[in-house]
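Predicted model, so just to flag it, every value in this text is computed and none were measured. Both backbone and side-chain heavy atoms feed into the values below; hydrogens, waters and symmetry mates do not. Lettering of chains follows the sequences in order, A, B, ..., and the numbering in each one begins at 1.
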Number of protein chains: 2
Amino acid sequence: MRHRLKDVAERAGVSVKTVSNVVNGYAHVRPDTRARVEEAIAVLNYRPNLSARNLRKGRTGVIALAVPELDIPYFAELARHVVTAAADLGWTVLIDQTGGGREQERVVASGITDHLIDGLIFSPLALTADDLINLDGTPMVLLGERVAHGPADHVVIDNVAAAREITNHLVGLGRRRIAAIGSQRTPEGASARLRLDGYRSALEEAGLGYDEALVAPAPVWHRADGAAAMRNLLSSGVRPDAVFCFNDTLALGALRALHEAGLRVPEDVAVAGFDGIEDGRFSVPTLTTIAPDKERIARLAVELLANRIDGDRTAEPRELAAPYRLESRESTQGR
Amino acid sequence: MRHRLKDVAERAGVSVKTVSNVVNGYAHVRPDTRARVEEAIAVLNYRPNLSARNLRKGRTGVIALAVPELDIPYFAELARHVVTAAADLGWTVLIDQTGGGREQERVVASGITDHLIDGLIFSPLALTADDLINLDGTPMVLLGERVAHGPADHVVIDNVAAAREITNHLVGLGRRRIAAIGSQRTPEGASARLRLDGYRSALEEAGLGYDEALVAPAPVWHRADGAAAMRNLLSSGVRPDAVFCFNDTLALGALRALHEAGLRVPEDVAVAGFDGIEDGRFSVPTLTTIAPDKERIARLAVELLANRIDGDRTAEPRELAAPYRLESRESTQGR
DNA sequence: CCTGGTTTCTACAACGTTGTAGGCAACGTT
DNA sequence: AACGTTGCCTACAACGTTGTAGAAACCAGG
């Protein structure tokens, strides 16, 4: 039922290689020969066997994208853009869910040398630079803050500046007791640390001072954690007039907790998030956020990977920054 | 830098095939031979070339999951479960975004025969059964209502019964003017039709009658469409006391529009959705919904596919139903 | 010590593709 | 008329793996 070059060749009365040449668009094939071959291909519904082609060429046309979890909106949106950007270059994307644990991430990073993929775009949470030094040369592009200045190409956004900007936005609205949700002391918390730095430096610039009591940790950044952290803040007696949540799902959870506590957003407490996920455009109230340009991040990552795969694999790792925008909505503005 | 069986064989002083036997766990290998081979494998950091193995075996260990869009929460959550269920059987999942157009879906369905994947789990929106008859035997499992009783295995939930149940829930709360958002007249609207049927039959059972004016179409089921449909309903002068939205993102959009119109949920209008996405647990108010058991759907789909791949490819297509639950929350209950 | 069976290992071919090298016509140039 | 060049095509080998067939070494039972 499934046909090979040989079958097409027999039907068209040419050699196997000529069929291969037609399939690959080789120029020097007589029009009538080409037509005969193409007809045979159509009749037999021939499709190349990619395993064989890959074996011969040493390329698979498949890249992997490894993210912690697919149903975290930020990663789902990112994944969508990566798949699209890769498709533009003729690549297929294989998606790997790491779960975010260091051991699993290490497996992904090293098990990648299966020759099934040409390269890897990796958004690690727990991995350290040390985990990456021993890889045998599969091109890799890292996303996010976790392994900055590591041994691989890297796409980031300026977390410190972005966090400073959104904290300034809250300051500019006259808020004075600005809390933060999402701090982490674990090694996984690289993004958390940078965003905390930005928050802190904005506060100090504004002369507001940094108050530990206003900073709530969140081991994971899901909605439920944001809600719990907000409840803790409220019950601890501190009365913030604004909250900067280190990502949007935390913020959505915080909105929920504020609602349950009978506090109005933004009148009583202004809320800001980070990530620019789609949900934030439709929440009640809509969510002010830092929106990284995910399409750009995806495209840069795919292009960096393409350069590694086709080009010099020993060149110095490059680090590219993607832009972001502050999107101001009801949760800080009112309407 | 990258080693082959041959390199390992030379280092261990055995034949290539013996190394292959060790790698594949063949029983009859002397312990000391095995040890020598394993040591060589470790030293050289040998990894099998999957393209070559696949070529030889005719299997790739990769299955594809095709969904319309990854950043639709329902599909993201589903994808996560499929990836997990597939991993349990030793498979990797390649994710394909179709965009939901018929032409693209057709390409996915037929272009799948690239020998890169062993099978396909497909959640089509626009595809018809006719588009599927000509496939050359790549095992496939369909999800959703689009192509019922088609030529392939199929996992569904009982949409009509679920829609009837949630409509009954609204009726039971004393609501009398129950609107519906999400109807579709296009061929893509298979789910919409079934959910509308359930809605309608519940109303008629309850003696409430079916009123066209209370049914709002939504060409796509995104948040923005739900908000727009809700606004249309309100401005058309009908005053529903409840709305059944055909999925959760529509419902989240509707909540938003009701909020903007100054209507209270659920006091003025009760809102129910469908899909059981995570967002609905944290929206304000939290969302009553029909939650299909996505984990079960994913597992059933993967198992059906496994049976096709390993077993009889000509057996009659099977259709399995997955369970769902009505999850009652604030948007219909109040608190 | 022979016989028949098992264990352990190896050589070879094949999976379907493409790169290389080369052959044969047909062409234009000397 | 002889020459090199170009266009078109083919045969062969190779990518790295595993299935098949079988050789060599070993073992138990007579």
Who pairs with [X] by side-chain contact (heavy atoms from CB on, under 4.5 Å), at least two apart in sequence or on another chain?
X        : answer
A/Glu295 : A/His81, A/Asp293, A/Arg299
A/Ala42  : none
A/Arg56  : none
B/Ala79  : A/Leu70, B/Leu65, B/Leu70, B/Ile95

Is the backbone of [Y] close enough, under 3.5 Å, to the side chain of [X] for a donor and an acceptor to pair up by distance?
X        : Y        : answer
B/Arg59  : B/Ile309 : yes
B/His154 : B/Ala321 : no
B/Lys294 : B/Tyr74  : no
B/Glu77  : B/Glu278 : yes

For this session: For a side-chain contact (heavy atoms from CB on, under 4.5 Å) with A/Pro139, tell me which candidate from A/Asp118, A/Asn307, A/Leu304, A/Leu305 qualifies.
Result: A/Leu305
Exercise. Quick one, which residues of residues 4-11 of chain B touch DNA chain C with a heavy atom under 4.0 Å?
Worked result: none
Exercise. Are B/Val43 and B/Glu39 side-chain neighbours, meaning at least one heavy-atom pair lies under 4.5 Å?
Worked result: yes
Exercise. Looking at residues at least two apart in the chain, or sitting in another chain, which of them share a salt bridge (Lys or Arg N to Asp or Glu O under 4.0 Å) with A/Arg34?
Worked result: none
For this session: Go through the structure and list residues passing salt bridge (Lys or Arg N to Asp or Glu O under 4.0 Å) with B/Asp153, not counting sequence neighbours.
Result: B/Arg308
Exercise. Does any pair with a residue in residues 16-66 of chain B pass ring-ring contact (aromatic ring centres under 6.0 Å, His included), and if so which ones, sequence neighbours excluded?
Worked result: B/Tyr26-B/His28
For this session: Provide the closest heavy-atom pair for A/Val37 versus A/Val8 in the form atom of the first, atom of the second, distance.
Result: O-CG1, 4.1 Å
For this session: Specify the closest pair of heavy atoms between B/Thr98 and B/Phe122, including all atoms of both residues, with the distance to one decimal.
Result: CG2-CE2, 4.1 Å
Exercise. How close or far is atom C1' of C/dC9 from atom NZ of B/Lys17, stated in whole angstroms?
Worked result: 10 Å
Protein and nucleotides 23-25 of chain C: nitrogen or oxygen contacts under 3.5 angstrom:
none

For this session: Indicate, with a heavy-atom threshold strictly under 4.0 Å, whether B/Lys57 touches base, sugar-phosphate, or nothing.
Result: sugar-phosphate
For this session: Have a look at A/Val16 and say if it touches a base, only the backbone sugar-phosphate, or nothing, with a 4.0 Å heavy-atom cut-off.
Result: base
Exercise. How would you give the extent of chain A contacts on DNA chain D, as first and last nucleotide 5' to 3' within a 4.0 Å heavy-atom cut-off?
Worked result: D/dG7 to D/dG16
Exercise. Looking at DNA chain D, which of residues 18-37 of chain B put a heavy atom within less than 4.0 Å of it?
Worked result: B/Ser20, B/Asn24
For this session: Describe, as an angle rounded to 10 degrees, how the axis at the first end of the helix from C/dC1-D/dG30 to C/dT30-D/dA1 is tilted relative to the axis at the last end, five pairs per end.
Result: 50°
